[in-house]
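Ligands are counted one by one from 1 in listed order, and the atoms in each one are counted from 1 as well.
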Amino acid sequence: MNKAVIIYASTHHENTLKLVEAIADKYDIEKIDATKHQQTDLSGYDLIGFASGIDFGRFYDFVEQFLEGNLPEGKRVFFLYTCAKLNHRFTEKIKAAALEKKAVILGEFGCKGYNTYGPWKMIGGMNKKHPSEDEISHAVEFFASLL
Ligand SMILES: Cc1cc2nc3c(=O)[nH]c(=O)nc-3n(C[C@H](O)[C@H](O)[C@H](O)COP(=O)(O)O)c2cc1C
């Protein structure tokens, strides 16, 4: 198998981490928490994923900054995210940052995640049961399709 790693930040409810953990349970990949590690040598990886919750329409700063600071040129990359409401534009900025590094973008997978931001907190949050088992399985299938 390709040597793979997923760099993630999942600070709101660990929704995105559920996708990453499910992939790591099935495949021999490494995980790096971008909130704890800022500098990592990614030159030995063939497949590099960036996974995040969505904060004001984009990937968390931790993940974007990790990509900007560590992604070597010309790598094969993919993106995973969870969010309140799906929108393909959520990956626009991080994809642009990857393209600056001449990355080959293989694809993206996004799904809903439990959200208690702002007024949602008062009514117990939205997307309470997300990511669902189905969504988690689809994330694993998405990863498998890249191998
Ligand atoms: C400060 C904040 C801002 C958010 N902004 C958005 C947003 O712009 N669009 C969206 O769909 N979800 C938004 N969300 C919801 C989260 O992206 C969603 O709950 C996600 O699953 C959190 O992932 P995590 O638990 O892996 O951190 C926001 C949540 C927070 C706390």
Side-chain angles (χ1 to χ4, degrees), residues 2-42 45-71 75-101 103-147:
N2 300 302
K3 193 169 177 215
V5 61
I6 300 180
I7 293 102
Y8 69 92
S10 186
T11 51
H12 188 38
H13 285 292
E14 299 194 333
N15 296 323
T16 313
L17 183 58
K18 289 186 181 131
L19 309 183
V20 175
E21 296 279 16
I23 293 168
D25 281 351
K26 191 152 180 203
Y27 295 95
D28 181 23
I29 63 156
E30 290 187 38
K31 299 171 286 179
I32 297 174
D33 183 346
T35 69
K36 297 192 177 131
H37 302 270
Q38 277 81 47
Q39 297 262 293
T40 305
D41 180 7
L42 297 178
Y45 295 97
D46 311 302
L47 187 57
I48 302 176
F50 294 92
S52 179
I54 298 298
D55 185 346
F56 301 107
R58 58 197 284 179
F59 275 44
Y60 295 157
D61 280 347
F62 286 116
V63 178
E64 275 192 20
Q65 283 167 11
F66 193 101
L67 185 154
E68 282 161 10
N70 296 284
L71 183 64
K75 289 290 184 182
R76 297 161 71 235
V77 303
F78 64 97
F79 302 100
L80 298 170
Y81 62 90
T82 64
C83 59
K85 193 165 175 285
L86 282 172
N87 183 332
H88 285 288
R89 300 192 66 183
F90 291 155
T91 50
E92 270 179 6
K93 292 213 167 60
I94 194 142
K95 275 184 179 165
L99 288 174
E100 292 267 315
K101 306 269 188 176
V104 178
I105 296 175
L106 301 179
E108 66 182 66
F109 175 86
C111 70
K112 287 195 257 179
Y114 179 46
N115 175 31
T116 53
Y117 179 59
W120 289 104
K121 196 168 189 169
M122 297 201 267
I123 54 163
M126 69 185 292
N127 302 337
K128 275 185 199 160
K129 299 200 167 141
H130 295 272
S132 64
E133 288 306 315
D134 265 6
E135 287 165 331
I136 292 169
S137 302
H138 287 141
V140 177
E141 283 163 22
F142 164 74
F143 178 78
S145 76
L146 305 178
L147 298 176

Measuring only between side-chain heavy atoms, which start at C-beta, is Y81 closer than 4.5 Å to L86?
yes
Is the shortest heavy-atom distance from the side chain of L106 to the side chain of L47 under 4.5 Å?
yes
Interfacing atoms of ligand 1 (cut-off 4.0 Å, heavy-atom, [X]):
{"X": "Y60", "answer": "22 (C), 23 (O), 24 (P), 27 (O)"}
{"X": "S10", "answer": "24 (P), 25 (O), 26 (O), 27 (O)"}
{"X": "E14", "answer": "25 (O)"}
{"X": "G113", "answer": "19 (O), 21 (O)"}
{"X": "A84", "answer": "10 (C), 11 (O), 12 (N), 15 (C)"}
{"X": "T82", "answer": "17 (O), 20 (C), 21 (O), 22 (C), 23 (O), 26 (O)"}
{"X": "K85", "answer": "11 (O)"}

Would you call the rings of Y114 and H13 parallel, tilted or perpendicular, taking 30° and 60° as the class edges?
tilted
Under 4.0 Å, counting heavy atoms only: does F90 come that close to any atom of ligand 1?
yes
Within the structure, is a non-hydrogen atom of Y8 found at a distance of less than 4.0 Å from ligand 1?
no
Do ligand 1 and F56 have nitrogen or oxygen atoms that lie under 3.5 Å from each other?
yes
Could you tell me whether some N/O pair between H13 and ligand 1 is separated by less than 3.5 angstrom?
yes
Salt bridge or not between K93 and E64? Use side-chain N to carboxylate O under 4.0 Å.
no
Of all heavy-atom pairs between [X] and [Y], which one has the smallest distance, and what is that distance?
{"X": "A97", "Y": "E68", "answer": "CB-OE2, 4.2 Å"}
{"X": "N127", "Y": "A84", "answer": "ND2-O, 2.9 Å"}
{"X": "A144", "Y": "Y27", "answer": "CB-OH, 3.3 Å"}
{"X": "N70", "Y": "L42", "answer": "O-CD1, 3.8 Å"}

Decide if atom CD of E14 counts as having more than 12 heavy atoms of other residues, nucleotides or ligands within a radius under 6.0 Å.
no
T16, V20, L80, I54: member with heavy atom nearest to atom 4 (C) of ligand 1
I54
Top protein contact for [atom], by heavy-atom distance:
{"atom": "atom 8 (O) of ligand 1", "result": "G57 N, 2.9 Å"}
{"atom": "atom 19 (O) of ligand 1", "result": "Y114 O, 2.8 Å"}
{"atom": "atom 3 (C) of ligand 1", "result": "D55 OD1, 3.6 Å"}

Can you confirm if the aromatic rings of F66 and F59 lie within a centre distance of less than 6.0 Å?
no
